[in-house]
Amino acid sequence: MNTKVWVVDDRANLSTSYPHISQAAQLLRENEVVAFPTETVYGLGANAFSDEAVRKIYEAKGRPSDNPLIVHIASKSKLDEIAKDIPDYAYKLINEYWPGPLTLILPKKGKLLSTIVTAGLDTVGVRMPDHPIALSLIREADVPIAAPSANRSGKPSPTQASHVYHDLNGKISGIVDGGATGVGVESTVLDCSTAVPTILRPGGITKEQLEAIIGEVKIDQALVEEGHAPKSPGMKYTHYAPNAPVVVVKGSLEFLQKVINKHQSEGKKVGVLTTMENVNQLEADTIIPCGSRADLPSVAAQLYDGLRKFDKEDIDIIISESFPQEGVGEAIMNRLLKAAGNNFIFEQ
Ligand code: TXA
Ligand code: MG
């Protein structure tokens, strides 16, 4: 399959019918799959009403069929077509954070949605992305768009069109290239099918931001301690992993250097994922900076690109700094520890 790439660098004109967006929307209406930027990561979109279209997403990604997809809408009024029994607190969050990086899990309504989208569950994940290209594409396609992150299953999510191209060229109909995404980690997934909402995946909207609007919010036990099955099927898989194994290290710079030295003394080539502040303080075979410790959103924005860069380097292991688990740091550490298969070393 020939994968078409449309570069959209003129966001000002998106409100009128932009030819690239129209072509991509036409393909979506024909039940083809097209990747597009959102404010979090690139999504791989397909018509959420069509089994045929949605099946193509799972095929292109190599995604397990028991992992449901998020449905993207471009207008709040479309929510009623696919979800029901929406609690008041969900509306409060929608008013505050949509469009934005917040996915709400709600009871599914009617028979229009493909059952493959929801992997047979009676709930559906819905979000309205805060990106002009995503919004105008969904509006023009005129159907809700099912879209997981546009990476091969298990790999870091794509934050640039080139990441999508690398993983999916030849497997999908097109890529709308709108440059680098902003937030860099995926949306927060919040289960709103219960009396007290529960975070199933930390992401771009923090627990603190949710609680500021609606009070108590729980965190899925599986995210806090091992031995619990996650409520979000996607959280049980190894994810975000570069080719080399990843180890996350918490401690002083001296301790980090000791861990690097130990692996080098075993004959391994060591890559280090670090921050601007520490990039000149450490010695290793490859050092890749990823944002600034003083600005955690900058780390989130560059995290997946940083992890992907190691795949081009000749290294045997990746040692990563760790980050405070507060604000967007919660999502950063969740993704890093998943990439590391929970290989986490602390300084004693
Ligand atoms: O930022 C994002 O959310 C990006 C962009 C493209 O919108 N999308 C994304 O999709 O990250 P994906 O498929 O990579 O992750 C969706 C997560 C998975 O962990 C999945 O299991 C969970 O949401 N999910 C979807 N529907 C669900 C449902 N009905 N119940 C529980 N979890 C659900
Ligand atoms: Mg994903």
Side-chain angles (χ1 to χ4, degrees), residues 33-46 48 54 57-58 60-74 82-83 97-109 113-131 133-135 137-138 144-159 163-164 167 176 178 181-194 197-205 220 222-223 229-241 300 304 328 331 334-335 338-339:
V33 291
V34 172
F36 60 94
T38 79
E39 81 281 30
T40 57
V41 300
Y42 273 76
L44 184 59
V54 174
I57 293 180
Y58 285 88
K61 281 188 58 105
R63 181 176 175 111
S65 60
D66 67 347
N67 190 5
L69 308 176
I70 294 170
V71 177
H72 297 65
I73 55 178
I82 51 180
Y97 295 122
W98 276 13
L102 176 65
T103 295
L104 304 179
I105 306 295
L106 294 161
K108 174 181 155 175
K109 179 178 178 182
L113 279 180
S114 160
T115 53
I116 307 174
V117 170
T118 51
L121 298 175
D122 52 14
T123 54
V124 59
V126 190
R127 97 174 184 97
M128 181 171 168
D130 187 14
H131 194 292
I133 293 178
L135 290 173
L137 182 64
I138 299 165
I145 298 296
S149 49
N151 49 284
R152 283 286 291 172
S153 203
K155 289 281 138 193
S157 297
T159 51
H163 299 158
V164 182
D167 281 17
V176 184
T181 61
V183 179
V185 290
E186 298 86 341
S187 62
T188 301
V189 176
L190 186 72
D191 185 358
C192 299
S193 65
T194 49
T198 306
I199 295 175
L200 306 185
R201 177 178 74 178
I205 297 285
D220 188 9
L223 299 176
K231 277 186 80 181
S232 180
M235 298 303 285
K236 68 176 185 253
Y237 297 106
T238 307
H239 251 106
Y240 317 111
Y304 293 141
V328 76
N334 172 268
R335 307 307 191 269
K338 283 206 148 289

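In each ligand, atom 1 is the first atom listed, and ligand 1 is the first ligand listed.
- Among all non-hydrogen protein atoms, the one lying nearest atom 16 (C) of ligand 1 is I70 CD1, 3.6 Å.
- Nearest non-hydrogen protein atom to atom 15 (O) of ligand 1 is R201 NH1, 3.1 Å.
- Side-chain contact between P144 and H72 is absent, with no heavy-atom pair separated by less than 4.5 Å.
- A side-chain donor-acceptor contact under 3.5 Å links R63 to the backbone of N67.
- Residues I133 and P37 have side chains in contact (heavy-atom distance under 4.5 Å, counting atoms from C-beta outward).
- In terms of polar-atom proximity, G43 is not counted as a contact of ligand 1, lacking any N or O under 3.5 Å from an N or O of the ligand.
- When atom types are taken as modelled, the side chain of T40 and the backbone of E186 share no donor-acceptor pair closer than 3.5 angstrom.
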Exercise. Might you work through the side-chain contact (heavy atoms from CB on, under 4.5 Å) test for V124 and L113, ending with a clear yes or no?
Key: CA-CA 9 Å; V124 59; L113 279 180; 3.7 Å; yes
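- Within the 4.0 Å heavy-atom cutoff, A147 counts among the residues contacting ligand 1.
- Shortest contact from atom 25 (C) of ligand 1 to any protein heavy atom: P68 O, 3.5 Å.
- Within the 6.0 Å centre-distance limit, the rings of Y304 and Y240 are counted as a close aromatic pair.
- Looking only at heavy atoms of the protein, atom 7 (O) of ligand 1 is closest to H72 NE2, 2.6 Å.
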Self-check item: Audit row: L223, K231, side-chain contact (heavy atoms from CB on, under 4.5 Å) steps and yes/no
Solution: CA-CA 10 Å; L223 299 176; K231 277 186 80 181; over 6 Å; no
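- By the criterion of a heavy-atom distance under 4.0 Å, the side chain of R63, and not its backbone, is placed next to ligand 1.
- Contact between P101 and ligand 1 is absent, with no heavy atom of the residue lying under 4.0 Å from the ligand.
- The S149 neighbourhood of ligand 1 comprises atoms 8 (N), 9 (C), 10 (O), 12 (P), 14 (O), with distances under 4.0 Å to a heavy atom of that residue.
- The nearest heavy-atom contact from the protein to atom 23 (O) of ligand 1 is V189 CG2, 3.8 Å.
- Taking OG of S149 as the start and NZ of K61 as the end, the distance is 3.5 Å to the nearest 0.5 Å.
- Of the charged side-chain nitrogens involved, none lies within less than 4.0 Å of a carboxylate oxygen, so that D167 and K155 do not count as a salt-bridged pair.
- Listed by number with element, the atoms of ligand 1 under 4.0 angstrom from any heavy atom of P233 are 21 (O), 31 (C), 32 (N).
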Exercise. Step by step, work out the side-chain contact (heavy atoms from CB on, under 4.5 Å) result for Y97 and L190.
Key: CA-CA 12 Å; Y97 295 122; L190 186 72; over 6 Å; no
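- Atom 22 (C) of ligand 1 has S232 OG, 3.2 Å as its closest protein atom, hydrogens excluded (heavy atom only).
- Atom 3 (O) of ligand 1 has as its closest protein heavy atom S187 OG, 2.5 Å.
- A donor-acceptor pair is defined here as one N or O able to donate and one able to accept, closer than 3.5 Å; such a pair exists between the side chain of R127 and the backbone of G100.
- For a threshold of 3.5 Å applied to N or O pairs, the pair formed by E186 and ligand 1 contains no separation below that value.
- From the protein, the heavy atom lying nearest to atom 20 (C) of ligand 1 is N67 OD1, 3.2 Å.
- The closest approach between a heavy atom of T118 and any atom of ligand 1 is not below 4.0 Å.
- Near L121, meaning under 4.0 Å from any of its heavy atoms, are these atoms of ligand 1: 28 (C), 29 (N), 30 (N).
- Looking only at atom types and distance, the side chain of R201 has no donor-acceptor partner in the side chain of T103 under 3.5 Å away.
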Exercise. Please assess S114 against V54 for the test side-chain contact (heavy atoms from CB on, under 4.5 Å), listing each intermediate value before the final yes or no.
Key: CA-CA 8 Å; S114 160; V54 174; 4.2 Å; yes
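- No donor-acceptor distance shorter than 3.5 angstrom exists from the side chain of Y42 to the backbone of H163, with no hydrogens or angles considered.
- Not a single heavy atom of K108 sits closer than 4.0 Å to an atom of ligand 1.
- Here T123 has heavy atoms under 4.0 Å from ligand 1 in both its backbone and its side chain.
- Only protein atoms were considered; those of element N, O or S under 2.8 Å from the Mg ion (ligand 2) number 1.
- Here the side chains of D220 and P230 are in contact, with some heavy-atom distance below 4.5 Å.
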